[in-house]
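Here is how names work: the chains are called A, B, and so on, in the same order as the sequence lines, proteins then strands, and each is numbered from 1.
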Protein chains: 2
Amino acid sequence: MRSPLSLQEKITLLSQFYRREHRLPGYAEMLTLFDYRSRNAVFKLLRRMELAGVVRIGANGKLSATDRLSGAIRLLGQVKAGFPSPAEEELADTISLDEYLISHPAATFMLTVSGDSMLDAGIHPGDLVLVEKGREARHNDVVLAQVDGEWTLKYYICDAHGVRLEAANRRYPPIRPRQSLQIGGVVRAVIRKYR
Amino acid sequence: MRSPLSLQEKITLLSQFYRREHRLPGYAEMLTLFDYRSRNAVFKLLRRMELAGVVRIGANGKLSATDRLSGAIRLLGQVKAGFPSPAEEELADTISLDEYLISHPAATFMLTVSGDSMLDAGIHPGDLVLVEKGREARHNDVVLAQVDGEWTLKYYICDAHGVRLEAANRRYPPIRPRQSLQIGGVVRAVIRKYR
DNA sequence: ATTATAGGTGAACGATCGTTCACTGACAAG
DNA sequence: CTTGTCAGTGAACGATCGTTCACCTATAAT
């Protein structure tokens, strides 16, 4: 017979369930999850988890996950400041990458960079870009554009001389479209994943 | 009296509820959300939404969100291929940034880059880095390390001569620690958000 | 005009939820 | 040793859920 689980261990179980099932368990499922026999115990545990900030209980009794449960991470300051103390860490905001980087999920796509035309802008081959369709390109945006039948990333430059596309690599000359320019979307973020 | 909502409009309502409340609505809430009077109508609508791939109904009748509802984006191929046809787009995998970039949310932190010592590695001032605590640094990892009381990002180089930290910018010489080296964590991803 | 289908309604039923109350045992504090 | 607190149990109750069945109306297809 194992010793009773701590609150943190129960939070871990709940988080694992949430990430696996994309929903919070019902009362019957929580009886099994926490090895309880009493729904009142579940009721009380949820109060304690709300105090711990991992769930929220609506006015109608409905249970929601907070960012703390759903895989968000802690948002700290600048690199040079490093990590704060554990107490300060505990108070740090949480941030969901999905929510922070994507405002229109249905219009946003992830593509992999294969060329080096934007190297000086810090966009390397193998990087990932989030491209939002249907967003009007503005001066200095990085855009996904079609040039000579091939898609490419470039700066979108719009000045007194009209519109042109510029690479961020001196090996690639600016492109002035003769016909209409086809912009697939605007780059909203660049991501480089290690290991 | 408005015309009846299409399935897609109902999916949009459901997605908005999910992103606002971090849970799916119950039957009573869906009556209000979709302007229904009958729980059987909700029941049938959920079948249709499951066929559309935006929710999943478990063996126990419990409702879960799929990635399509929860803000994931479509994963396409390489930039040079651009966007596929609408039919191909529909079949594309979805990907959640939270799940893709973060394997240990509780041990991962986001910090903002302020220096230029890693410029040649495509890490610019203003970029965001995801740093995972408690992960052992390996050769060629980008790490968050403490040098002379200040935290910095560097390559972690481990060879026959021992351990040293190298910048990705010729203006910064390699660092060979005289005392023990303090590594705060390993950089798992770099993110640059535009606009 | 007839038939079929889609998408809604209402009712009924058993299951589950959400909450309250009284209680118990273990443990900590005085 | 006594008292207080915490975290669980069990029971009860009304509310909500999840599902099935029969039915209706609008629309499309024949």
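Contact check, B/Lys10 against C/dG8: a side-chain N or O comes under 4.0 Å of OP1 or OP2. Put simply, B/Arg48 has a side-chain N or O that comes within less than 4.0 Å of OP1 or OP2 on C/dG8. Distances shorter than 4.0 Å separate none of the side-chain N or O atoms of B/Arg37 from OP1 or OP2 on C/dG8. Considering only side-chain N and O atoms, A/Tyr36 lies under 4.0 angstrom from the phosphate OP1 or OP2 of D/dG8.
Rounded to a whole Å, the CZ atom of B/Phe43 is 15 Å from the P atom of C/dG7. Counting to the nearest Å, the C1' atom of D/dG8 and the CG atom of A/Leu46 are 14 Å from each other. With rounding to whole Å, A/Met30 atom CE is found 14 Å from C/dT16 atom P.
For B/Arg39 against D/dG18, a side-chain N or O and a base N or O form a donor-acceptor pair under 3.5 Å. The base of D/dG18 does not come close enough to the side chain of B/Lys62 for any donor and acceptor atom to sit less than 3.5 Å apart. In the interface, the side chain of A/Asn40 is paired with the base of D/dG10 through a donor and an acceptor atom under 3.5 Å apart.
Judged by distance alone, the side chains of B/Ser6 and B/Glu9 do bring a donor and an acceptor atom under 3.5 Å apart.
Geometrically, A/Arg47 engages A/Phe43 in a cation-pi contact defined by less than 6.0 Å to the ring centre and at most 45° from the axis. Taking the centre and axis of the six-membered ring of A/Tyr172, the NZ or CZ atom of A/Lys154 falls inside the cone set by 45° and 6.0 Å.
Looking at heavy-atom distances under 4.0 Å, B/Ala28 makes contact with sugar-phosphate atoms alone, never a base. Within the 4.0 angstrom heavy-atom criterion, no nucleotide atom of any strand lies near B/Asn60.
Between B/Arg170 and B/Asp120 there is no salt bridge, since no side-chain nitrogen of the basic residue lies less than 4.0 Å from a carboxylate oxygen of the acidic one. The existence of a salt bridge linking A/Glu166 and A/Arg164 is confirmed by a sub-4.0 Å separation between a basic side-chain nitrogen and an acidic carboxylate oxygen.
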Under 3.5 Å, sequence neighbours excluded: what are the donor-acceptor pairs made by side chains of residues 107-115 of chain B?
{"from": "B/Thr108", "atom 1": "OG1", "to": "B/His104", "atom 2": "O", "distance (Å)": "2.8"}

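Remark on the helix from C/dA1-D/dT30 to C/dG30-D/dC1: inter-end axis angle 30°, axes from five-pair C1' superpositions, rounded to 10°.
Residues B/Ile73 and B/Ile191 share a hydrophobic cluster, clusters being chains of Ile/Leu/Val/Met/Phe/Trp/Tyr side chains in contact below 4.5 Å.
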